[in-house]
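To start, the structure itself, in structure tokens.
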Amino acid sequence: MNCADKIANTKPLPRDFYERNTVEVAKDLLGCYIVHYTEYGIVAGMIVETEAYLQNDPACHASRGMTTRNRVMFGPPGHAYVYFIYGMYYCFNAVTNSCGIGEAVLIRALEPVCGISFMQKQRNKQKLTNLCSGPAKLVQAMGISKAHNGTDLTLPPLCIYPKHHSVNIVTTTRIGIKKGAELPLRFYIKDNKFVSKI
DNA sequence: AGAGCGATGGCCT
DNA sequence: GGCCATCGCTCTA
């Protein structure tokens, strides 16, 4: 697909898309497009894997109340929550549910769609399935940084566009956590080769 | 293909 | 001081 043309025909997902049950948003984001308008040009990927983090969920950063780190999760829905992890990586979330409720959807993998040479340069990797197949990988590939923490996902330069096709969803437990590990809160597109892990 | 592990720093107890 | 929503390298098969 000529991604720039396709994306230009749609508007970003509106605020009320995000202001809903977080599990529903996590599932509905599969197949949607994250778009970053950079100096280089449009960089975009289709969301193929997500995880829901709920306020009453021990794995959720917001489960023990608001801190300077997680305050964006409690703010208005439809904003980016970007956090620093393991001393060298960032992960990207979309804030969901109403103001005052600390919930979000972690984006775990994308299928590269637009700006692939930019992604390859960012990642210093060539193989398409190794550009966005993990939460920290896709942040690096898309040129997302901590400066995007708290930005509005309904407006450029970083926003999410609706899906073009319906998708088949597989539900599993989440990856890389100890607390809340048994909860079925990970979702991915069935048979998509760009997911981080089956 | 899969297990083990080091890198690296902010946050929380 | 220990934990952590990760990644990539190395070692073993």
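Chain A is the first sequence line, chain B the second, and so forth, proteins listed ahead of strands; every chain is numbered from 1.
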Query raised in the report: Regarding R20(A) and the six-membered ring of F17(A), is the cationic atom NZ or CZ under 6.0 Å from the ring centre and inside 45° of its axis?
Result: yes
Report task. Report the residues that fulfil side chain to side chain contact (heavy atoms under 4.5 Å, CB included) with K127(A), sequence neighbours left out, ordered by chain and then residue number. Result -> T129(A), N130(A)
Query raised in the report: How does DNA chain B look in dot-bracket form if you count Watson-Crick and G-U pairs under 3.5 Å, write [ ] for pairs that cross, and put | where a base pairs with another strand?
Result: |||||||.||||.
Report task. Could you grab the distance from atom OG1 of T171(A) to atom CG of L185(A), nearest 0.5 Å is fine? Result -> 9.0 Å
Report task. Give, ordered by number, those residues of residues 90-103 of chain A having at least one heavy-atom distance below 4.0 Å to an atom of DNA chain C; if nothing qualifies, reply none. Result -> C91(A), N93(A)
Query - CA sep, side-chain torsions, deciding dist, call: R186(A), I175(A), side-chain contact (heavy atoms from CB on, under 4.5 Å) - result: CA-CA 8 Å; R186(A) 173 175 176 251; I175(A) 291 179; 3.5 Å; yes
Report task. Name every residue in residues 177-198 of chain A that has at least one heavy atom under 4.0 Å from any atom of DNA chain C, in order of residue number, or write none if there are no such residues. Result -> I177(A), K178(A), K179(A)
Query - From CD1 (I101(A)) to OG1 (T96(A)), nearest 0.5 Å - result: 9.0 Å
Report summary line: Note: A59(A) and K179(A) closest approach over all heavy atoms is CB-O, 3.1 Å
Query - Cluster overlap L158(A) with I42(A), hydrophobic side-chain contacts below 4.5 Å - result: yes
Query raised in the report: More than 12 non-hydrogen atoms from neighbouring residues, nucleotides or ligands closer than 6.0 Å to CZ on R64(A), yes or no?
Result: no
**Report entry** Within one Ile-Leu-Val-Met-Phe-Trp-Tyr cluster: I34(A) and Y53(A), side-chain cutoff 4.5 Å
**Finding:** no
**Report entry** L30(A): partners by side chain to side chain contact (heavy atoms under 4.5 Å, CB included), with sequence neighbours left out
**Finding:** I47(A), T50(A), V167(A), I169(A), F187(A), I189(A)
**Report entry** Sub-4.0 Å heavy-atom contacts from residues 117-140 of chain A onto DNA chain B, ordered by number
**Finding:** none
**Report entry** Connected via hydrophobic side-chain network under 4.5 Å: L153(A) and V95(A)
**Finding:** no
Query - Worked verdict on L128(A) versus F194(A) for side-chain contact (heavy atoms from CB on, under 4.5 Å) - result: CA-CA 8 Å; L128(A) 293 187; F194(A) 296 93; 4.1 Å; yes
Identify all side-chain donor-acceptor contacts of residues 104-116 of chain A below 3.5 Å with residues at least two apart in sequence or on another chain.
from, atom 1, to, atom 2, distance (Å)
R108(A), NE, E49(A), OE2, 2.8
R108(A), NH2, S196(A), OG, 3.2
E111(A), OE1, N192(A), ND2, 2.9

Query raised in the report: Can you tell me how far CE of M46(A) sits from NE2 of H165(A), rounded to the nearest 0.5 angstrom?
Result: 8.5 Å
Requested in this report: Using the rule that two of Ile, Leu, Val, Met, Phe, Trp, Tyr join whenever any of their side-chain heavy atoms come within less than 4.5 Å, decide whether L155(A) and I144(A) are in one cluster.
Outcome: no
Using residues 71-92 of chain A as the side-chain source, report each donor-acceptor pair under 3.5 Å to any protein atom, sequence neighbours left out, with the distance given to one decimal.
from, atom 1, to, atom 2, distance (Å)
H79(A), ND1, G150(A), O, 3.0
Y81(A), OH, H61(A), ND1, 2.8

Requested in this report: Starting at CZ of R174(A), measure out to CD of E51(A) and round the result to the nearest 0.5 Å.
Outcome: 6.5 Å
Report summary line: Numerically ordered, the residues 64-82 of chain A set in heavy-atom contact under 4.0 Å with DNA chain C is M73(A)
Requested in this report: Anything under 4.0 Å to a heavy atom of chain A counts; send over the first and last such nucleotide of DNA chain C, read 5' to 3'.
Outcome: dC4(C) to dG8(C)
Requested in this report: Apply side-chain contact (heavy atoms from CB on, under 4.5 Å) to I160(A) and C32(A), showing your working.
Outcome: CA-CA 7 Å; I160(A) 306 182; C32(A) 296; 4.0 Å; yes
Query raised in the report: Can you tell me how far CD of E103(A) sits from OG1 of T22(A), rounded to the nearest 0.5 angstrom?
Result: 3.5 Å
Report task. Enumerate the residue pairs fulfilling ring pair (Phe, Tyr, Trp, His ring centres under 6.0 Å) with a member in residues 107-159 of chain A, sequence neighbours excluded, ordered by first and then second residue. Result -> H36(A)-H148(A), Y40(A)-F118(A)
Could you pull out the protein-nucleic contacts involving nucleotides 8-10 of chain B (nitrogen or oxygen on both sides, under 3.5 Å)?
from, atom 1, to, atom 2, distance (Å)
dT8(B), O2, Y86(A), O, 2.3
dG9(B), N3, G87(A), N, 3.4

